[in-house]
Structures are given as C-alpha cells and as structure tokens.
Amino acid sequence: MPRLTREAEITWDGNVARGSGAISAASSGAFTGLGYSGPTRIGNPEGKTSPEELLAAAHGGCFTMSLANELCKAGTPPEHLDVRCVITMDEVEGKGHQIVHSEIRATGVAPGCDEAAFAQAAEAADAGCPLSALLRASATVAVTASLS
Amino acid sequence: MATDRTAAVTWKGSLMEGAGTIHEVGSGAFGPLDVSWASRAEEPNGKTSPEELIAAAHAACFSMALSHGLAQGGTPAEQLDTSATVTFQPGTGITKIALTVRGTVPGLDEAGFVEKAEGAKAGCPVSKALAGVPEITLDAALA
C-alpha cells in the first residue's frame, strides 16, 4: 500500500503560562481552531483539548481499528465495539513531563466470539497497533477487554 | 500531579467495511468525529484519522514547549505557526513526522530560534512518547 500523510496546523500566541493556541486538522478539516493552553492542559480542561487528549483519541482510534481487524481475522467480525482510552501525563523526576501510561478498556459484541477469544483478539490488537508500540517508548500500555 | 485525558471510540462492523466514531472526549472540545479505514489509508474525505490526531498532538505539544523555552531564554514569542505532517505506511505504522515552525520572536536571531526549536523537539512530552518513530524532522525559521 502507498504511504500517506496527515497534517495538522497550530498557531500559538504568547508564553506558556498566559498564552494560548489553536489546533486544526489540515488534511481532513474534521476539526478547526480547537483552543488549548498551559493551565487547561495540566489542570481542569474547561472545555479545551490538549495534546494528551488528542493522543487518547489517536490511540483509542488506532486500537479500535486493530481490534476490528483481529476479530475479522478470527472469523468473528464485531457488530459493535466500545473503546475508552485514558492517557496519563506525569512529572518524572529528572525527566520533566512525560506520557507515562495509556489505559485501554474495550467492550464489544462479536457473534460467535467467546470471552477468551475476545480477550485474545484484544491482546493481538495491542500487539498490532502501531501506536501501542510507539507509546511504549515512554509509557506503559494496559489493555482490558470483555464482551458487553 | 498526574493529568489524565480520556477519549471514547465506538466501531461497527469489519475493519474494511465498518466505520467508527470518536464520539466523546473528556474535555468536550470536539466530537463526535467519524473515522474509517478507507479515510485513514486513502483520501480523508473530511474524516480524521489516528495519524492526523497524532499530528495535532505533536504540533500542539511542540508549540507549547517552544514557547516555554523562548520565554525562559528571555525572548518570549509573539506568535508561532507550527505544522506536523505524519507519514503512515499501512502494515508498518508511522514512519516519519515532519515538524515545521515559523516564529515571530522579538530580539532573537535565526540561529537562536533554531536552537530553541531543536530543544523543544527533543524535550516535549509527545516527542519523547513518539521517540520510536524512525524519522522526525524539523524545519525552523523566523517568520
């Protein structure tokens, strides 16, 4: 398959403590001008997204497609999957702020698939998801899965 | 203090023919956003993808780190314009991220700006989380 690219654009005004930025999806236009700031990144989000929330959406989206693929390969395509991803950023002594953990919880309906096979598919989905592999550079990744 | 950020995704059907939605994020700032394999691996057709979200996360994180570095150096930025382009090879994963930044920074020369940008690229949390990407490039210049 060919390589493909996806692009995002950011503008930022001012410093970290009092400045603010805006995030746009340049390739798809699916979102534009999402505001973000230092205080809402670390503290209460107050309706603003952050790099970590975008990572949670990316990892959740990537893992979900990977799980759909594994269930199809096993001959039990999913009717419905629900995946929740929580990204944790923390200050690590001597290393500053780091993405330290991604927690994925998947539930699903896949006719013909039992609990053990669903858990196995989730494990394979984690192994096959390119973002799971990448995030392990600085973070732990934990996956739990059960039929809904 | 640790910070948690959450996203919830639903999916219906197979990978190739099915479709999903990033239906909710913790902040409520966006969503629902549709995703599908076709729009991820071919033309986006108005739909986002994990790679576009990674581009957004990385460019946003880099911009904030650069603004911090510039302020610490006594030359705060007036404005930074950043883009990140993520290259995805189906079957392999993310093979490259290209960061481009143009800045308006009173009192700082080109070499000083490039040095601060390199520091932000090395040090921002998303860069560190994506350190396994084979190639991350930076094109930094004053506006």
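No experiment lies behind these values; they were computed from the predicted model shown. A, B, ... follow the sequence lines: proteins, then strands. Residue 1 opens every chain.
- At most 12 non-hydrogen atoms from other residues, nucleotides or ligands lie less than 6.0 angstrom from CD of B:E115.
- A continuous path of ILVMFWY side-chain contacts below 4.5 Å connects B:W37 to B:V35, so both sit in one hydrophobic cluster.
- Between A:I10 and B:A56, the shortest heavy-atom contact is CD1-O, 3.9 Å.
- Counting heavy atoms from C-beta on, the side chains of B:S27 and A:K48 never come closer than 4.5 Å.
- Using a 4.5 Å heavy-atom threshold, the side chains of A:L134 and B:V133 count as touching.
- Cluster membership for B:V9 and B:M16, using ILVMFWY side-chain heavy atoms within less than 4.5 angstrom, is shared.
- Residue contact with chain B, scored on non-hydrogen atoms closer than 4.5 Å, involves the backbone and the side chain of A:E52 alike.
- Of the N and O atoms on the side chains of A:E9 and B:S83, not one donor lies less than 3.5 Å from an acceptor on the other residue.
- Residue with the most contacts toward chain B among A:C72, A:A137, A:P78, A:G35: A:P78 (heavy-atom pairs, distance under 4.5 Å).
- In the hydrophobic clustering of ILVMFWY residues, with side-chain heavy atoms under 4.5 Å counting as a link, A:L147 and A:L81 come out together.
- Counting heavy atoms from C-beta on, the side chains of B:V126 and A:L55 come closer than 4.5 Å.
- Looking at heavy atoms from C-beta onward, B:F30 lies out of side-chain contact with A:I23 at the 4.5 angstrom threshold.
- When A:G61, A:G60, A:G47 are compared by the number of non-hydrogen pairs under 4.5 Å with chain B, A:G47 comes out ahead.
- To the nearest 0.5 Å, atoms CG (B:D4) and CD (A:E53) are separated by 11.5 Å.
- With chain A as partner, the option from B:S63, B:P76, B:A71 having the largest number of non-hydrogen pairs under 4.5 angstrom is B:S63.
- Of the two parts of A:S24, neither the backbone nor the side chain holds a non-hydrogen atom closer than 4.5 Å to a non-hydrogen atom of chain B.
- Considering only heavy atoms from C-beta on, A:T5 stays 4.5 Å or farther from B:F88 through its side chain.
- Highest contact tally toward chain B, considering only A:A58, A:A133, A:S138, A:G14, is held by A:A58 [criterion: heavy-atom pairs under 4.5 Å].
- Ranked by heavy-atom pairs under 4.5 Å with chain A, the first of B:M64, B:K47, B:R102, B:E78 is B:M64.
- When A:G29, A:C129, A:S27, A:S37 are compared by the number of non-hydrogen pairs under 4.5 Å with chain B, A:S27 comes out ahead.
- Ranked by heavy-atom pairs shorter than 4.5 Å toward chain A, the options B:I54, B:T104, B:T21, B:T100 are led by B:I54.
- Your options are A:P130, A:S102, A:C62, A:G21, and the one with the most heavy-atom pairs under 4.5 Å with chain B is A:C62.
- Heavy atoms closer than 4.5 Å to chain B are found nowhere in A:R105, neither backbone nor side chain.
- At a threshold of 4.5 Å between side-chain heavy atoms, the hydrophobic network of Ile, Leu, Val, Met, Phe, Trp and Tyr places A:F118 and A:V109 in two separate groups.
- Closest of all the heavy-atom pairs between A:H97 and B:P125 is O-CG, 3.5 Å.
- Contact tally against chain B (heavy-atom pairs below 4.5 Å) for A:L135, A:T107, A:L67, A:I42: the top residue is A:I42.
- Judged purely by distance below 3.5 Å, without hydrogens or angles, the side chains of B:D81 and A:T11 never pair a donor atom with an acceptor atom.
- Both the backbone and the side chain of A:I87 come within contact range of chain B, judged by heavy atoms closer than 4.5 Å.
- For A:A26, the part lying under 4.5 angstrom from a heavy atom of chain B is the backbone only.
- B:V114 and B:L138 sit in two unconnected hydrophobic clusters of ILVMFWY residues. Membership requires side-chain heavy atoms under 4.5 Å apart, directly or through other members.
- Side-chain contact between B:R5 and A:V86: absent, with no pair of heavy atoms (C-beta onward) separated by less than 4.5 Å.
- Between chain A and the residues B:A77, B:C124, B:A59, B:G93, the most heavy-atom pairs under 4.5 angstrom are made by B:A59.
- Atom CZ of residue A:R84 and atom OG1 of residue B:T10 lie 11.5 Å apart, to the nearest 0.5 angstrom.
- B:S49 touches chain A through its side chain: at least one heavy atom from C-beta onward sits under 4.5 Å away, while N, CA, C and O do not.
- Of all non-hydrogen atoms in B:A41 and A:L4, the two that sit nearest each other are O-CD2, 3.1 Å.
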Test log, rule side chain to side chain contact (heavy atoms under 4.5 Å, CB included), inputs A:V83 and B:W11: CA-CA 8 Å; A:V83 173; B:W11 185 270; over 6 Å; no

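- Under 3.5 Å, the side chains of A:W12 and B:S67 contain a donor-acceptor pair of N or O atoms.
- Rounding to the nearest 0.5 angstrom, the gap separating the CE atom in A:M65 from the CZ atom in B:R40 is 5.0 Å.
- Note that CD of A:Q98 and NZ of B:K128 are 4.5 Å apart. Values are rounded to the nearest 0.5 Å.
- When side chains are defined from C-beta on, A:R6 counts as touching B:P44, because their heavy atoms get closer than 4.5 Å.
- Heavy atoms of B:E24 lying under 4.5 Å from chain A belong exclusively to its side chain.
- With a 6.0 Å radius and a threshold of 12 heavy atoms from other residues, nucleotides or ligands, A:R18 has its CZ atom at or below the threshold.
- Taking both residues in full, the closest heavy atoms of B:A60 and A:P51 are given as CB-CG, 3.9 Å, listed atom of the first, atom of the second, then distance.
- Using a 4.5 Å heavy-atom threshold, the side chains of A:D13 and B:L80 count as separate.
- Note that OG1 of B:T87 and CZ of A:R3 are 5.5 Å apart. Values are rounded to the nearest 0.5 Å.
- Heavy-atom pairs under 4.5 Å with chain A were tallied for B:S39, B:A131, B:G132, B:C61; the largest tally goes to B:C61.
- Distance CG/A:L54 to CD/B:E52: 10.0 Å, rounded to 0.5 Å.
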